[in-house]
Number of protein chains: 2
Amino acid sequence: MSISPIAARPYLRDEVYTALKVRLGVRAAGLTAPLRLREEELAAELGVSRTPVREAMRRLEQEGLITFRPRRGARLMPTSLPEYLEWLSIREMLEGLAAREVALNGAADIVPRLRAVFADFDEAGALARPAEYAAANTAFHALMIKESGNALLGKTWDSFGHLKMAGLRFIERLNRGSQSFHEHHDIIDAIAERDPDRAETLARRHVRLLRDQAAASLKEFDLHEKNETTP
Amino acid sequence: MSISPIAARPYLRDEVYTALKVRLGVRAAGLTAPLRLREEELAAELGVSRTPVREAMRRLEQEGLITFRPRRGARLMPTSLPEYLEWLSIREMLEGLAAREVALNGAADIVPRLRAVFADFDEAGALARPAEYAAANTAFHALMIKESGNALLGKTWDSFGHLKMAGLRFIERLNRGSQSFHEHHDIIDAIAERDPDRAETLARRHVRLLRDQAAASLKEFDLHEKNETTP
DNA sequence: CTTCTCTATTTTGTATACATATACAAAATT
DNA sequence: AATTTTGTATATGTATACAAAATAGAGAAG
């Protein structure tokens with residue numbers, strides 16, 4: 001006879017890591033100036049001691065979400081558009097790989113599952129409900145990465161969570177919902193045909209178009225990122 | 001009157017991080033069974049308390065060099081060939097991106113600098129001095145990544161240090177020094193011609209050939225990685 | 001001889017304490 | 001009045017302390 005455990009005991013450092021990641025990731029998306037993070041304040045807010053907070057912050061530091069200056073604590077930096085463009089360059093390659101692998105080795109039911117993500121949308125809907133469509137968009141790419149079967153790709157992808165969040169700030173001004181809609185379906189079609197080369201090409205183009213548009217709008221954004229004054 | 005400062009004080013957590021990364025990275029390359037890491041032991045060895053050791057370990061955990069099981073501490077896992085192949089798939093994309101960027105935006109003197117890396121070798125030398133050639137190989141790829149101008153690419157690359165180390169264990173049996181020699185020079189030629197498409201294609205092929213050969217030898221390696229017993 | 005159980009030991013997880021560097025503000029000096 | 005100096009507060013960096021879980025080992029039962 002087997003009984004289920006009362007409760008899998010959570011570990012504070014992991015809880016804190018998740019809590020901070022969500023909280024800071026969201027904040028980072030709208031950030032225009034560095035945000036100072038005080039350990040004691042965060043610890044008090046979360047009801048724990050500084051130790052798990054510090055350990056969580058080390059992980060976030062390694063991910064690149066926060067930066068440390070010795071003896072001066074952690075800071076959450078706003079993501080600059082140039083940094084976001086760097087991420088899109090990398091993302092182009094990673095998504096290309098994922099699309100290729102899914103076309104080659106994806107599960108038999110992957111195509112309906114991918115289509116289901118966008119089932120609630122037609123082209124008009126994608127434009128009318130941008131927030132929901134953005135969520136579907138995220139789900140689509142996450143599913144592709146997951147279905148690629150490359151666990152390391154998934155881990156790499158996840159570790160860039162803050163950049164994906166930050167992207168919302170830049171992307172929302174681009175209004176490319178309609179194009180995006182068609183591009184996604186083209187990628188799914190290529191996967192349905194089990195054509196890895198075409199799937200990769202389309203996935204890469206999808207990201208590259210986004211990157212090109214974001215780069216073109218570079219001038220429109222504040223360049224506050226360059227005004228970092230480190231005394 | 002001026003006196004010289006006593007000493008610029010380093011930060012233990014960073015020293016520990018570097019020390020552990022080197023030490024564990026090297027060990028991981030030859031590892032065939034999980035290696036348990038005791039915090040107190042490491043702390044004593046390095047002459048510090050557990051705190052900086054733990055913070056360093058959080059960063060290494062986030063990088064993927066070590067894994068944690070709650071209340072059971074950290075373990076250094078041997079890199080499996082399947083995991084290494086996953087890395088090579090990702091690496092193919094990252095190196096392709098780097099080669100493209102270098103061809104597009106590399107400094108004026110990048111070609112001689114790339115050639116200088118292999119200046120000491122001809123084809124015979126690459127075969128005769130495999131250890132030195134492996135080092136040159138590493139330097140070449142690191143220089144390409146650095147010269148790409150994509151800082152995030154460099155950070156991503158660096159965070160896979162342990163897999164690059166582990167690779168030595170698999171690659172050394174493949175003896176593809178001669179092919180590698182020509183492939184490198186072809187990539188440099190494409191960069192010299194400032195042909196980004198060809199540079200990317202060649203860089204990707206370079207890694208993919210390595211991956212294919214490694215995959216083909218899958219059967220030769222012990223599959224101890226699958227015998228992980230998690231009680 | 002094997003297997004199980006109970007206890008002792010070890011080790012991790014978290015909290016707290018202390019030392020030191022930075023920040024800020026008031027006082028002193030130019 | 002402006003600038004430097006110095007005192008104090010605050011926050012970080014590291015060490016230690018204590019509690020809880022896991023491991024190991026001895027002894028008992030089969």
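Computed from a predicted model, the values in this text were never measured in an experiment. Labels below follow one simple rule: chain letters A, B, ... track the order of the sequence lines, proteins then strands, and each chain is numbered from 1.
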Value in whole Å for how far the [atom2] atom of [N] lies from [atom1] of [X]:
{"X": "B:L12", "N": "D:dT14", "atom1": "CG", "atom2": "P", "result": "4 Å"}
{"X": "A:E55", "N": "C:dA15", "atom1": "CD", "atom2": "P", "result": "11 Å"}
{"X": "B:R50", "N": "C:dT12", "atom1": "CZ", "atom2": "C1'", "result": "6 Å"}
{"X": "B:E61", "N": "C:dT12", "atom1": "CD", "atom2": "P", "result": "14 Å"}
{"X": "A:R69", "N": "C:dT22", "atom1": "CZ", "atom2": "C1'", "result": "11 Å"}
{"X": "B:E15", "N": "D:dT14", "atom1": "CD", "atom2": "P", "result": "10 Å"}
{"X": "B:F68", "N": "D:dA22", "atom1": "CZ", "atom2": "C1'", "result": "16 Å"}
{"X": "B:E40", "N": "C:dT12", "atom1": "CD", "atom2": "P", "result": "8 Å"}

> Does a nitrogen or oxygen in the side chain of A:R38 sit under 4.0 Å from OP1 or OP2 of D:dA11?
Replying inline: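 Answer is yes, contact under 4.0 Å.
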> For D:dT14, does OP1 or OP2 lie under 4.0 Å from any side-chain N or O of B:T51?
Replying inline: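 Negative; the distance criterion is not met.
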Any salt bridge between [X] and [Y], counting N to O under 4.0 Å?
{"X": "A:K146", "Y": "A:D158", "value": "no"}
{"X": "B:R54", "Y": "B:E39", "value": "yes"}
{"X": "B:R50", "Y": "A:E55", "value": "no"}
{"X": "B:E61", "Y": "B:R75", "value": "no"}

Could you work out which one of [options] sits closest to the side chain of [X]?
{"X": "A:R71", "options": "D:dA20, D:dT12, C:dT14", "result": "D:dT12"}
{"X": "B:E39", "options": "C:dT12, C:dA21, D:dT16", "result": "C:dT12"}
{"X": "A:R54", "options": "D:dA11, D:dT14, C:dT22", "result": "D:dT14"}

>> On a heavy-atom basis, which atom in B:R27 and which in B:L76 lie closest, and how many Å separate them?
In response: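 Reported closest heavy-atom pair: CB-CD2, 4.1 Å.
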> Of B:G73 and A:R36, whose nearest nucleotide on DNA chain C comes first from the 5' end?
Replying inline: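 Final value for this comparison: B:G73.
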> Per the atom types in the model, does the base of D:dT14 pair as donor or acceptor with the side chain of B:R13 at under 3.5 Å?
Replying inline: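 Not at all, since no donor on one side and acceptor on the other fall under 3.5 Å apart.
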